[in-house]
Amino acid sequence: MLIDGCGRRVNYLRVSVTERCNFRCQYCMPEKPFSWVPQENLLSFEELFLFVKVAIDEGVNKIRLTGGEPLIRENLDKFVAMIHDYKPDIDLALTTNGFLLLETAHKLKIAGLKRLNISLDSLKPDIAAKIAGRDVLSKILDGIDKALDEGFIVKLNMVPLKDINEDEILDVLEYARAKNIKIRFIEYMENTHANNTIIGMHGKEILTKIKERYTIHALGREGASPSFNYRIGENGYEFGLIDPHKHDFCENCNRIRLTAEGHLIPCLYFDEAMSIAKAVKEKDLGKASNILAQVLKNKPKENRWSFEEELSREQSKRAFYQTGG
Ligand code: SAM
Ligand code: SF4
């Protein structure tokens, strides 16, 4: 079992398979970065898998593949199959912008992927394009339908932004509800890579919009999930709110993150990381395990996102497209 320096059980590894992306989301990567990680510094699937095995053997039972956009990395289904074949009962999920799902969903299902989180920020083509930097909506919607047809457990993610998509919170909720999929609204997490003119909506403001139509009941956090769940009115449809600015958000954090170049990151907010690249290239699994232990020991108690100005000391310098969110 993996326990961090604050006594929290860590059983969830998020693996970013590429920092590259086919979108340019305003809150994540509004412009192509000055330089990408050179291709030769990326770990191969075999190298990433060596670390994944160490993590599974030591207690990780939930793995999420992410990016950048994970579906632009070639042969991703092979990596999925490696993990699935090693531990078929692992909770194996992927977060995607959905654009390439029509082409890839079937192969991923066959390979053993179980769950998909798909980002959907707008149901208006022009607003979706404004947020993502290109015309994306119809491909995302086709991707969602394809994922459902393939039998994936699907969740949607929306990041509500002031004056951009805030008037669509209820529409996106209704869309998800009609398809019987859960939606999670994510508070925009301020970071130095985002477009500095955007303003995120507070969780409270998101809930206020939903309360304009529905009575809602707070259900609480589901174990170590980052999502605080709510139920609306009569039919019991449940949605989630991911509210990292709240003080208790990090209390049960069970996650660590691995980037495509092998940086093991204990917290989404901070820059600190240790590299497992050399260890896996030398196939030194003992060394990889020691680095994992070190990273867990130093996992910060909490992030520094806060809506109270005196507490939000500085912005996170971590790029979401590197950690995978
Ligand atoms: N490209 C995939 C996608 O967009 O779903 C996976 C990577 S993306 C970094 C993972 C999640 O992080 C997405 O749901 C995205 O909306 C969210 N995200 C990115 N930047 C964010 C930010 N600054 N604040 C809150 N959520 C963010
Ligand atoms: Fe790409 Fe996802 Fe970041 Fe948007 S949020 S730029 S889709 S990695």
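Start at 1 and go down the list; that is how both ligands and their atoms are numbered.
Distances below 4.0 Å separate heavy atoms of Val159 from the following atoms of ligand 1: 16 (O), 26 (N). Listed by number with element, the atoms of ligand 1 under 4.0 Å from a non-hydrogen atom of Glu69 are 1 (N), 2 (C). The contact set between ligand 2 and Phe23, taken as ligand atoms under 4.0 Å from a residue heavy atom, comprises 6 (S), 7 (S).
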(request) Using the side chain to side chain donor-acceptor pair (under 3.5 Å) rule, take Glu168 and Ser122 through it: C-alpha gap first, then chi angles, then the decisive distance, then the call. (result) CA-CA 7 Å; Glu168 289 193 75; Ser122 173; 2.6 Å; yes
(request) For side-chain contact (heavy atoms from CB on, under 4.5 Å), just list the numbers for Glu302 and Phe249, CA-CA rounded to whole Å, side-chain angles, deciding distance to a tenth of an Å, and then say yes or no. (result) CA-CA 8 Å; Glu302 57 192 4; Phe249 183 78; over 6 Å; no
(request) Please assess His245 against His202 for the test side-chain contact (heavy atoms from CB on, under 4.5 Å), listing each intermediate value before the final yes or no. (result) CA-CA 8 Å; His245 295 76; His202 296 197; over 6 Å; no
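Heavy atoms of Gly67 come nearer than 4.0 angstrom to ligand 1 in at least one pair. Using a non-hydrogen distance threshold of 4.0 Å, Ala194 does not register as a contact of ligand 1. Using a 4.0 Å heavy-atom cutoff, Gly68 is listed among the residues neighbouring ligand 1. For Glu187, the closest heavy-atom approach to ligand 1 falls below 4.0 Å.
In Cys21, the part holding a heavy atom less than 4.0 Å from any atom of ligand 2 is the side chain. Contact annotation: for Tyr27 versus ligand 2, heavy atoms closer than 4.0 Å belong to the side chain alone.
Residue Cys28 does not count as close to atom 1 (Fe) of ligand 2, with no N, O or S atom under 2.8 Å.
The protein non-hydrogen atom at the shortest distance from atom 24 (N) of ligand 1 is Met189 N, 2.8 Å. Nearest protein heavy-atom contact of atom 4 (Fe) of ligand 2 is Cys25 SG, 2.3 Å. For atom 10 (C) of ligand 1, the closest heavy atom belonging to the protein is Gly324 O, 3.4 Å. For atom 5 (O) of ligand 1, the nearest non-hydrogen atom of the protein is Ser119 OG, 2.6 Å.
No N or O atom of Thr66 sits closer than 3.5 Å to an N or O atom of ligand 1. Checking only distances, Tyr27 does come within under 3.5 Å of ligand 1, N or O to N or O. Of the N or O atoms in Thr96, one or more lie within a sub-3.5 Å distance of an N or O in ligand 1.
A salt bridge links Lys146 and Glu150; the closest N-O separation between the charged side-chain nitrogens and carboxylate oxygens is under 4.0 Å. Taking the charged nitrogens against the carboxylate oxygens, Lys124 and Asp171 have no contact shorter than 4.0 Å, which rules out a salt bridge.
Within 6.0 Å of NZ on Lys246 lie more than 12 heavy atoms contributed by other residues, nucleotides or ligands. Around CD of Glu212, the count of heavy atoms belonging to other residues, nucleotides or ligands within 6.0 Å exceeds 12.
Taking the six-membered ring for Trp and thresholds of 30 and 60 degrees, Phe239 and Tyr230 have nearly parallel ring planes, at less than 30 degrees apart. Below 30°, between 30° and 60°, or above 60°: for Phe79 and Phe45 the angle between ring planes is below 30°, a parallel geometry.
Cation-pi check for Arg184 over Phe228 is not met; the charged atom does not lie both under 6.0 angstrom from the ring centroid and within 45 degrees of its normal.
The closest heavy-atom contact to atom 27 (C) of ligand 1, among the options Tyr188, Phe23, Phe320, Phe99, comes from Phe320.
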